[in-house]
Amino acid sequence: MWDQTLSHRAYSWLGLGDRAAAGRTLLAGAPAGALLGTAAALAVPGGPPFSYAFAAGQALYVGAATVLLVLGRERVLLAALVPMAAGAVLALFVDLPVRVRVTLLAVSLLAACLLAVRELPLAEGAAAALRRVRERTRGRPGGGPVRWRMLRGTEEEYAPRGPRLADSVPYGVFGLGTGLLVLYAALGEVLAGGPAEAVAAPSAVALTLSMGPAEWLLYRFRSGSLAGLRAARSPRAFRRRMLATLAGCLARYLAVLLALGVSGTLLWPGAPSLTGARAAALLLLGAVMWSGLLLQSFGAVRAAAVVCASAAFVQSLAVLTGFGQPRLVQLAVAGTAAAALATLVCLLLGRATAHR
């Protein structure tokens with residue numbers, strides 16, 4: 001949630017052409033997000049020490065990755081992940097010692113953090129913080145009509161500038177909602193009192209890995225819809241072309257997601273089998289996430305955030321109260337959310353003006 005809000009705010013500054021402000025935003029927000037993530041992990045009692053260390057490392061990595069991705073350093077981040085990725089591939093064929101696995105994770109984490117720090121404006125951020133402290137210590141210039149006329153330019157410096165923080169909050173709410181839905185996809189049955197063997201970790205991994213193809217298919221949908229807009233002779237013809245493009249992109253995404261889910265289940269030691277109910281829940285959740293990202297890419301993030309956050313709230317309430325069978329609850333919640341988002345997509349994106 002935090003990093004999605006932070007990313008949108010930094011991207012907003014970049015869109016205004018103020019890269020320095022984007023850097024200062026990341027400099028203040030990324031460490032704060034890492035601290036909040038670590039504190040949230042430490043607040044959960046009863047876990048083994050390694051789980052807390054892993055959660056803290058994950059929080060640091062997410063903050064570093066946010067900085068590098070926002071500032072356009074995707075290849076640098078990819079280079080930092082090479083040791084971990086190489087170890088993951090090697091672990092499929094060789095039983096690596098625990099020390100080697102931890103070392104590879106630590107090397108990738110350290111590389112990502114150092115590369116992110118290199119991109120941040122540390123000196124400018126420290127100078128800006130010191131300047132703000134001095135300004136608050138001195139206080140704002142006095143009032144009065146004569147003083148206002150004389151110091152109008154100085155007063156205008158205190159007026160709010162740049163993107164509004166409220167515009168970034170829906171992105172964080174959308175991230176929180178989808179994150180909880182993915183969590184329940186992996187741990188829903190365990191959280192409801194089921195056996196530990198019911199952890200469906202491959203489903204969460206498949207959803208995470210599918211975000212790359214999802215972004216590419218979002219681009220393909222936008223390209224296809226623009227081509228349909230140029231070729232269509234009437235609003236109805238455009239709507240048909242748009243729906244055909246939408247169905248094709250969504251079907252390809254779900255096919256990739258299903259392939260990742262099946263592969264992960266086969267490769268993950270001790271993973272529960274991908275039954276029909278599990279596969280249906282995975283695909284419905286994938287449809288929710290891709291449709292939400294599609295609405296978000298067209299500026300309708302508030303609608304997507306409301307649907308995803310509501311679905312996460314309902315599923316959380318079901319887990320806390322023990323209502324229903326976890327897998328059936330997940331199917332009902334994900335199916336309802338997918339239907340709601342599909343309706344919103346057809347209503348909002350079926351108009352030609354939404355694609356200009």
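It should be emphasised that the depicted structure is a prediction, and the values quoted were computed from it without experimental measurement.
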If you count every heavy atom of other residues, nucleotides or ligands that lies below 6.0 Å from Arg252 atom CZ, does the total exceed 12? yes

Can you name the nearest heavy-atom pair linking Leu243 to Cys346, along with the distance? CD2-SG, 3.8 Å

Residues in ring pair (Phe, Tyr, Trp, His ring centres under 6.0 Å) contact with Tyr11, at least two apart in sequence or another chain: none

Derivation and outcome, side-chain contact (heavy atoms from CB on, under 4.5 Å), residues Leu180 and Gln315: CA-CA 9 Å; Leu180 286 174; Gln315 192 151 355; over 6 Å; no

Is Leu69 linked to Trp13 within one hydrophobic cluster, defined over Ile, Leu, Val, Met, Phe, Trp and Tyr using a side-chain heavy-atom separation of less than 4.5 Å? no

Does the pair Arg19 and Leu71 meet the rule for a side-chain contact (heavy atoms from CB on, under 4.5 Å), with working shown? CA-CA 9 Å; Arg19 189 176 180 85; Leu71 297 181; 3.7 Å; yes

Under 3.5 Å: donor-acceptor pair, side chain of Trp2, backbone of Gly37: no

One should read off an interatomic distance between Leu295 CG and Leu349 CG, to the nearest 0.5 angstrom, of 6.0 Å

Evaluation steps, side-chain contact (heavy atoms from CB on, under 4.5 Å), between Ser225 and Thr245: CA-CA 7 Å; Ser225 62; Thr245 304; 5.5 Å; no

For Leu331 and Ala277, which heavy atoms make the closest approach, and how far apart are they? CD2-O, 3.8 Å

In this structure, CG of Leu284 is separated from CD of Gln330 (nearest 0.5 Å) by 9.0 Å

Distance (rounded to the nearest 0.5 Å) between Leu341 CG and Cys308 SG: 5.5 Å

Testing the basics here: between Pro83 and Val107, what is the closest heavy-atom pair and its distance to 0.1 Å? CG-CG1, 3.9 Å

If every non-hydrogen atom of Val345 is compared with every non-hydrogen atom of Ser291, which pair is closest and at what distance? CG2-O, 4.3 Å

Would you say the side chains of Ser7 and Tyr171 form a donor-acceptor pair under 3.5 Å? no

Closest non-hydrogen atom pair between Thr103 and Arg99, with its separation: OG1-O, 2.7 Å

Under a 4.5 Å side-chain heavy-atom rule over Ile, Leu, Val, Met, Phe, Trp and Tyr, are Leu258 and Trp216 clustered together? yes

Here the gap from Leu115 atom CG to Arg73 atom CZ, rounded to the nearest 0.5 Å, amounts to 10.5 Å

Should we say atom OH of Tyr52 is surrounded by more than 12 heavy atoms from elsewhere, each under 6.0 Å from it? yes

Assigning hydrophobic clusters by single linkage (Ile, Leu, Val, Met, Phe, Trp, Tyr; side-chain heavy-atom cutoff under 4.5 Å), is Leu274 placed with Val182? yes

Are Arg222 and Phe298 in a cation-pi contact, defined as NZ or CZ under 6.0 Å from the six-membered ring centre and within 45° of the axis? yes

With a 4.5 Å cut-off on side-chain heavy atoms, are Phe174 and Leu293 touching? yes

Return the orientation label for the Trp290 and Phe221 ring planes: parallel under 30°, perpendicular over 60°, tilted otherwise. perpendicular

Quick one: does Arg101's side chain have a donor or acceptor within less than 3.5 Å of a partner on Leu96's backbone? yes

Is there a side-chain contact between Met289 and Leu207 (heavy atoms, below 4.5 Å)? yes

What's the separation between atom CG in Leu105 and atom CE in Met84, rounded to the nearest 0.5 Å? 7.0 Å

Ala304 versus Gly292, closest heavy-atom pair with distance: CB-O, 3.8 Å

Assigning hydrophobic clusters by single linkage (Ile, Leu, Val, Met, Phe, Trp, Tyr; side-chain heavy-atom cutoff under 4.5 Å), is Leu283 placed with Leu217? yes

Applying the 4.5 Å side-chain criterion to the ILVMFWY set and letting contacts propagate, would Val102 and Leu110 be lumped into a single cluster? no

Would you give the length of the straight line joining atom CG of Leu285 to atom CG of Leu257, rounded to the nearest 0.5 angstrom? 8.0 Å

Any chance the side chains of Ser108 and Tyr61 put a donor and an acceptor closer than 3.5 Å? no

Under the side-chain contact (heavy atoms from CB on, under 4.5 Å) criterion, do Val256 and Leu260 qualify, and how do the steps go? CA-CA 6 Å; Val256 171; Leu260 289 172; 4.1 Å; yes

